[in-house]
Amino acid sequence: MRNLVEFVLRRGDLQPGSIGASRALEGIKAHQYIQKISGADYVPEVTLSYVYPNQETQDGWVPKSISENLCLEIKGRADGIIMKESGACIDEIKTTSLDLDLIDESFSDLHWAQAQCYAFMYAMQEGLETMETQLTYVQLDTVQTKKFLRSFSRQN
């Protein structure tokens, strides 16, 4: 899912940034830590998918040989789903080396888009009209967290 969202929302420099192997390992450990301390209502690493059925193009034309067998399936793994009394909430965990004071709710459209895609897939799977999403930022050096919550409907 992340690769799809990054591709769709790509802008800026064509040279992607890279992180070292030790920082990547720290990120994995931070994810696991957050998932472990989040309680019994937290379901970690949930695989989600959605199949878009074959559809006609805007002008109504689809070659028969393609349209009969072509579907688009998107898959991804949500970092977690928080089971609340009010319903399920998708949790997307992001690690950072930045000071958390520098991160606000509008820090990354890409992060929200990834969480929103997982929320869409879960909502479709469960027949829900609205979904909550949470971005959980983890500062790698201090393991402090900062969380932001948004609600999305299938209409937006």
Side-chain angles (χ1 to χ4, degrees), residues 1-39 41-53 55 57-58 71-84 86-156:
M1 181 54 55
R2 180 179 178 175
N3 291 339
L4 173 64
V5 170
E6 286 175 344
F7 176 76
V8 171
L9 295 178
R10 180 180 298 164
R11 63 177 179 251
D13 195 344
L14 293 176
Q15 180 67 20
S18 64
I19 59 170
S22 65
R23 267 310 208 208
L25 183 57
E26 287 177 45
I28 292 169
K29 288 181 180 180
H31 272 70
Q32 292 170 341
Y33 173 75
I34 296 300
Q35 292 165 335
K36 185 177 181 177
I37 67 166
S38 293
D41 295 334
Y42 194 95
V43 182
E45 303 298 328
V46 179
T47 300
L48 297 168
S49 68
Y50 180 74
V51 177
Y52 285 92
Q55 295 182 358
T57 61
Q58 287 181 341
C71 293
L72 174 65
E73 181 178 17
I74 57 170
K75 288 184 176 184
R77 191 171 59 236
D79 292 326
I81 298 179
I82 306 163
M83 305 309 286
K84 301 179 174 184
S86 60
C89 175
I90 299 295
D91 187 32
E92 183 60 27
I93 303 169
K94 297 298 180 185
T95 56
T96 183
S97 57
L98 293 174
D99 185 319
L100 290 180
D101 290 336
L102 300 174
I103 296 176
D104 63 10
E105 187 174 351
S106 62
F107 178 71
S108 175
D109 289 340
L110 195 138
H111 296 166
W112 281 116
Q114 188 176 357
Q116 192 174 8
C117 286
Y118 293 135
F120 171 79
M121 289 188 281
Y122 188 83
M124 294 301 289
Q125 174 185 304
E126 300 297 321
L128 304 172
E129 289 300 317
T130 61
M131 280 292 303
E132 281 190 346
T133 58
Q134 176 175 284
L135 286 182
T136 301
Y137 288 96
V138 183
Q139 209 292 334
L140 286 171
D141 298 317
T142 65
V143 196
Q144 291 178 315
T145 62
K146 192 170 193 179
K147 299 177 182 185
F148 301 101
L149 192 66
R150 285 186 184 172
S151 183
F152 293 99
S153 72
R154 285 184 7 194
Q155 302 304 315
N156 57 349

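For clarity, every value in this text was computed on a predicted model and none was experimentally measured.
Closest non-hydrogen pair, Gln139 versus Ser97, comes out as NE2-O, 3.0 Å. Here the closest non-hydrogen pair linking Ala88 and Met131 is O-CE, 3.6 Å.
A distance of 11.5 Å separates CD in Gln116 from CD1 in Ile90, rounded to the nearest 0.5 Å. To the nearest 0.5 Å, the span separating NZ on Lys146 from CD1 on Ile103 amounts to 7.0 Å. Here the OG1 atom belonging to Thr145 is positioned 16.0 Å from the NZ atom belonging to Lys94, to the nearest 0.5 angstrom. Note: Met124 CE to Leu48 CG = 13.0 Å, rounded to the nearest 0.5 Å. To the nearest 0.5 Å, atoms OH (Tyr42) and CD1 (Ile34) are separated by 8.0 Å. For the atom pair Thr96 OG1 and Leu102 CG, the distance stands at 8.5 Å (nearest 0.5 Å).
For residues 122-144, the ring pair (Phe, Tyr, Trp, His ring centres under 6.0 Å) pairs, not counting sequence neighbours, are Phe107-Tyr137, His111-Tyr137.
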TODO: Before giving the answer on side chain to side chain contact (heavy atoms under 4.5 Å, CB included), spell out for Cys89 and Leu149 the whole-Å C-alpha distance, their side-chain angles and the decisive distance to 0.1 Å.
DONE: CA-CA 9 Å; Cys89 175; Leu149 192 66; 3.8 Å; yes
- [ ] Please report the C-alpha distance between Glu26 and Thr95 in whole Å, then the side-chain angles of each, then the deciding distance to 0.1 Å, and finally whether the side chain to side chain contact (heavy atoms under 4.5 Å, CB included) criterion is met.
- [x] CA-CA 9 Å; Glu26 287 177 45; Thr95 56; over 6 Å; no
Task: Glu92 vs Thr133, side chain to side chain contact (heavy atoms under 4.5 Å, CB included): CA-CA, chis, key distance, verdict - done: CA-CA 8 Å; Glu92 183 60 27; Thr133 58; over 6 Å; no
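Paired with Gln35 under the rule side-chain contact (heavy atoms from CB on, under 4.5 Å), one option of Asp91, Asp79, Thr136 passes, and it is Asp79.
For Lys84, the side chain to side chain donor-acceptor pair (under 3.5 Å) partners at least two apart in sequence or on another chain are Glu132.
Between the Trp112 side chain and the Glu105 main chain, a donor and an acceptor come within less than 3.5 Å of each other. Put simply, the side chain of His31 gets close to the backbone of Ile93: a donor and an acceptor are under 3.5 Å apart.
Looking at Thr47 and Lys75, their side chains never come closer than 4.5 Å, going by heavy atoms from C-beta outward.
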